[in-house]
Structures are given as structure tokens and as C-alpha cells.
There are 2 protein chains.
Amino acid sequence: MAQENTRDSILDAAEELMARRGYANTSMRQITGKAKANLAAVNYHFGSKEGMVAAMLDRRLEPLNRKRMELLEAEMEKARLEGRRPDIEMLLRALFEPILRFFRSSEGGGNFIKIFSQIHSDSDDTIRKHFLRHMIPVFMAFFTAFQEALPTLSPDKLAARIFFCIGSMAHAANILVNEKITTISSQLKVPMMSDPEGLMEELIQFNVRGLEIS
Amino acid sequence: MAQENTRDSILDAAEELMARRGYANTSMRQITGKAKANLAAVNYHFGSKEGMVAAMLDRRLEPLNRKRMELLEAEMEKARLEGRRPDIEMLLRALFEPILRFFRSSEGGGNFIKIFSQIHSDSDDTIRKHFLRHMIPVFMAFFTAFQEALPTLSPDKLAARIFFCIGSMAHAANILVNEKITTISSQLKVPMMSDPEGLMEELIQFNVRGLEIS
DNA sequence: GTCTATAAACTGATAGAC
DNA sequence: GTCTATCAGTTTATAGAC
């Protein structure tokens, strides 16, 4: 986070504040205050608060989804060459494992994960609109791949199961990051898996079992 | 919704507006305007906006969680009498099926489901605080029951899997209700299961497969 | 219990100097 | 590209009449 330009400082501050308070509850004054930037800088760099949020999401979602599509296409190509169906576990890894990168990265990755885990079912049109623009083509590509992996499963049941997978992932990510940021889940007197890699493995195997069987 | 007192009109209006816009984005003026009540009525009846939200959640979560606990205790008692472990599928039914009641009820149940599906990972402390007060004892009771059903599974893995179940449920509920309220998920060119009962059955079987196996 | 009026503070956005 | 000052509108909450 050290030695940044104003633009990136603003996006980092927005990410951190919105991770905790949400979009509507975070004001431009709070953001520019934390970023040590001038209030007018947001409008200068991004045009509006909404433009700032769009830039904040683009910065994270573009590389995330590019990696997902790379891994998806690699498995589809491998399956084609080997004359087999795409493997469900490999498809789930392509969809979920690129998220781990944000847990490892020091600079603000955890803040984005918090936003990411909520945005899948956010009530705010402003923020969900930009998220869906990134996600719809990715979802469609994965849906097609899962159809090839499970050709006898009806499309509506398959779609439902993929939504179950996404929901389980989003909730797991939220729990994992809440553990770091707030003390909420510490109210639960239950042992938590706190290493992202172990939780990811458990998540993938859980969803492999849930998905298969027509 | 017809012939209500001011108090209930306000809660209904709050539920409908917050389902779409979230807590921070819904003002007391919008709520009292829709409820055809005076602005000051919120403070008179509930003390504050936060008090109103607490009342809104209590009204739905108390009967929901009471039904869940009833079903849970029925299965635990039945298992005890029959000298067997509690059945995973029955535990999931106890946790999830009472939610269906809100889809069937005409008056505003769908609005609550939208709020309910997001509150599990809401960024707003105000609303999540009141939700957790209802949920923590319920979660603990179900965690204990699942431990009896899966005694060889380590507690941290079990907790993770239960969170996966909850996440899949919350996301499925959100998708189902979004389908009704907005046109967002219609952007996905994918067939959707639109009957709550069929989706619930698919959800339960998905999570039974995911949970079992130590 | 319901109303009006208003307090006190906050919001996103912009004009214009430097 | 950064700054101050300000606009115009919003917010929750309350005092006090009826």
C-alpha cells in the first residue's frame, strides 16, 4: 500500500471501508479521508461514486475471471484431446481456486473477498449491476462445461446445483474473512477452519459430491 | 395487507423496501410514505430506525426458528427412541423446510426471504447484529445434532460443511426471489427451477451428498 | 397516537482558483 | 491534478400542538 498514486489510494480505501459497511453506508468523505486525498479527487478520477465502484470492481474481477477462463479452457482442451468428458472436480477448481490468490496477497485482497462474498446476492443495484457485467459470460461458459460433464442431468437441475456451489463458496469466503476483520463469528463456540487452502479443499470435495449423480 | 394498524403497515413497508434496496439505502421517509403513515410514527412505535428493523426481524425469525427447533427436537427424540443416530436428511429438512412457509404466505413473505437470504453475510452491523442474536442458539443446537449424526467427522470440517449448506440455501433463496422481484437473473440464459418445493428438494439432496462421508 | 415544523448533520457533486 | 467553498438535497430524530 506504500507509495501509491491518488487513484489507487482511493480504490484501496474504498475497498476497505465498503468491505465493512457496504456501498450505501460508505461516504466519499470517509473514503477520501482514509486515502488522505481531497474529496473532489473522486469525481476528478472516476466521475462519480458509482464510477469509482466500477473501477474498484474492475481492478479485481478482470484478472480473477481471466484466470478462471484460462483454467476452464485448459481442462476443456485436455478432455477433448483425451477423448473424455470434462472432469467435475477440475471445473470446480477452475471456478474457485483463483479466489485463493486474494487471500494470499497482502494488499487489500481480504477486503475484496469480503465484498466479493456479498456481491453475489447484494441488494444494491449499483454494485450488483457492475458485478453481473463481469460474471454473466463466465457463468455461461461454466454452465456449458458442466453440461458436457453431466449430460444426463436436466439443465434446470444443473443450474440449481451450480447456484448451490456458488452460494456455498460465497458463504465460506465470507466466514473466513469475517474471522479476520470482525469478531462476529467468534460468537459461535465452534471450531473454525481458518486456513484458506484447507477450507478450499473441503469446499471442492463437498461440491463434487453434491454435483455428481444425475 | 389490508386493514392493518400503523405498526404493522410500517413493518410491511420496511420489509418490501429493504428487500430491494437494503437497510442503509432505505429511508424512514420512503417507508412511512409507502405505509401511508406519518414520519414521526416510526420513532413513536419503535424508538429509532434500528429499533424498527429489530422488530421487523423478530416478527419473522421468532416463528421460523421456533419451527426449526421443534422439528430438530422431534427427530432427535425419534432417533433416541429407535436407538439410532439422527438422520442427516431429517436434520437438513428441519433447518431448511420451515423457510418454505414464507414463499407460500401471500403477505410479504417473499420480501422477508430476500432480506433473509442476504442477511447471512450482510455488511451492515446494525442488521446482522439482530440476526445473529436469533441464529446463534439455533446454529449451536444443529451443530450438536450433526455431530451426533456424523461422529467420526472432525468438528472443524463439520462446521465448514454446515456453512456450505447454509450458503447454498441462502443463495438459492435469493435467486428464487430475485426471479420474482427483479429482472437480473433473467439476464442469464439458463433454465431456472422456479417452484420453491422442487428447488428445496434438490437443495436437500445436494447437501445430504455433500455432508455425508467422514 | 398522529400531526407539523424544525433541528442538526450528513450526502454527492461542482465551480473556479491555483 | 489538487484545493476550497459551496450548492442543493437528503438523512434521523425530536419538540410540542392537537
Side-chain angles (χ1 to χ4, degrees), chain A residues 1-59 115 119 122-131, chain B residues 1-59 115 122-130:
Chain A
M1 291 239 208
Q3 297 290 61
E4 296 178 301
N5 58 30
T6 301
R7 201 188 132 96
D8 287 336
S9 299
I10 288 172
L11 294 182
D12 287 338
E15 218 165 46
E16 182 168 344
L17 288 167
M18 289 184 182
R20 277 207 294 268
R21 305 183 218 283
Y23 172 77
N25 234 337
T26 305
S27 71
M28 286 163 56
R29 281 173 175 79
Q30 291 173 306
I31 293 167
T32 51
K34 182 178 253 301
K36 299 193 205 312
N38 188 274
L39 173 61
V42 171
N43 291 287
Y44 174 78
H45 285 287
F46 307 107
S48 65
K49 187 185 181 185
E50 179 169 351
M52 182 198 63
V53 168
M56 181 187 88
L57 293 177
D58 289 351
R59 188 175 66 147
I115 293 169
I119 203 170
D122 204 289
S123 53
D124 198 294
D125 276 341
T126 310
I127 201 162
R128 191 178 49 202
K129 185 173 65 185
H130 293 286
F131 176 69
Chain B
M1 292 238 210
Q3 296 293 60
E4 297 178 301
N5 58 29
T6 301
R7 203 188 131 95
D8 286 336
S9 299
I10 288 172
L11 294 182
D12 287 339
E15 217 165 48
E16 182 167 345
L17 288 166
M18 289 184 182
R20 277 206 295 270
R21 304 183 217 283
Y23 173 76
N25 236 336
T26 304
S27 72
M28 286 163 54
R29 277 173 175 79
Q30 291 173 307
I31 293 167
T32 51
K34 181 177 255 304
K36 301 195 205 312
N38 188 274
L39 172 62
V42 171
N43 291 287
Y44 175 77
H45 285 286
F46 307 106
S48 65
K49 187 185 181 185
E50 179 170 351
M52 182 198 63
V53 168
M56 181 187 88
L57 293 177
D58 290 350
R59 189 176 64 149
I115 294 169
D122 204 288
S123 54
D124 198 293
D125 276 340
T126 309
I127 201 162
R128 191 178 48 201
K129 186 173 63 186
H130 293 287

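Basis for what follows: all heavy atoms, side chains included, without hydrogens, waters or symmetry-related copies. Each chain gets a letter, A, B and so on, in the order its sequence line appears, and its residues count up from 1.
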Any idea which of D:dG1, D:dA13, C:dA13 is nearest the B:Lys49 side chain? D:dA13

Protein-nucleotide distance (A:Phe46, atom CZ; C:dA13, atom C1'), rounded to Å: 16 Å

Atom CD1 of B:Ile31 to atom P of D:dT11: distance rounded to whole Å? 10 Å

Side-chain contact check for B:Tyr44: nearest option of C:dT2, D:dT11, C:dA13 is C:dT2

Are any of B:Thr6's side-chain N or O atoms less than 4.0 Å away from OP1 or OP2 of C:dT2? yes

Keeping B:Arg21 on the side-chain end and B:Thr26 on the backbone end, is there a donor-acceptor pair under 3.5 Å? no

In this structure, how many angstroms lie between the C1' atom of D:dG1 and the NE2 atom of A:His45, rounded? 7 Å

Would you give the length of the straight line joining atom CE of B:Met28 to atom OG of B:Ser48, rounded to the nearest 0.5 angstrom? 8.0 Å

Whole-Å distance between D:dA5 P and A:Asn43 CG? 18 Å

DNA chain D nearest-nucleotide lookup for A:Arg29 and A:Ala41: closer to the 5′ end is A:Ala41

Check whether any side-chain heavy atom of B:Tyr44 sits under 4.5 Å from a side-chain heavy atom of B:Arg7, and report yes or no. no

Need one value for B:Ala40: base, sugar-phosphate or nothing, where a base atom within 4.0 Å counts as base even if backbone is also close, heavy atoms only. base

Categorize B:Thr26 for me: base, sugar-phosphate, or nothing, with a 4.0 angstrom heavy-atom threshold over every strand shown. sugar-phosphate

Among D:dC3, C:dT2, D:dT14, the nucleotide that comes nearest once only the side chain of A:Asn38 is considered: D:dC3

Figure out the CG/P separation between B:Leu39 and C:dT4, and round it to whole Å. 10 Å

Nearest-Å distance, CZ (B:Arg7) to C1' (C:dG1)? 14 Å

Are any side-chain N or O atoms of B:Lys49 and backbone N or O atoms of B:Tyr23, one a donor and one an acceptor, separated by less than 3.5 Å? yes

A:Asn25 CG to C:dA9 C1': how many Å, rounded? 15 Å

Straight-line distance of A:Ser123 OG to B:Leu17 CG, nearest 0.5 Å: 12.0 Å

Rounded interatomic separation in angstrom, taking CE from B:Met28 and P from C:dC3: 14 Å

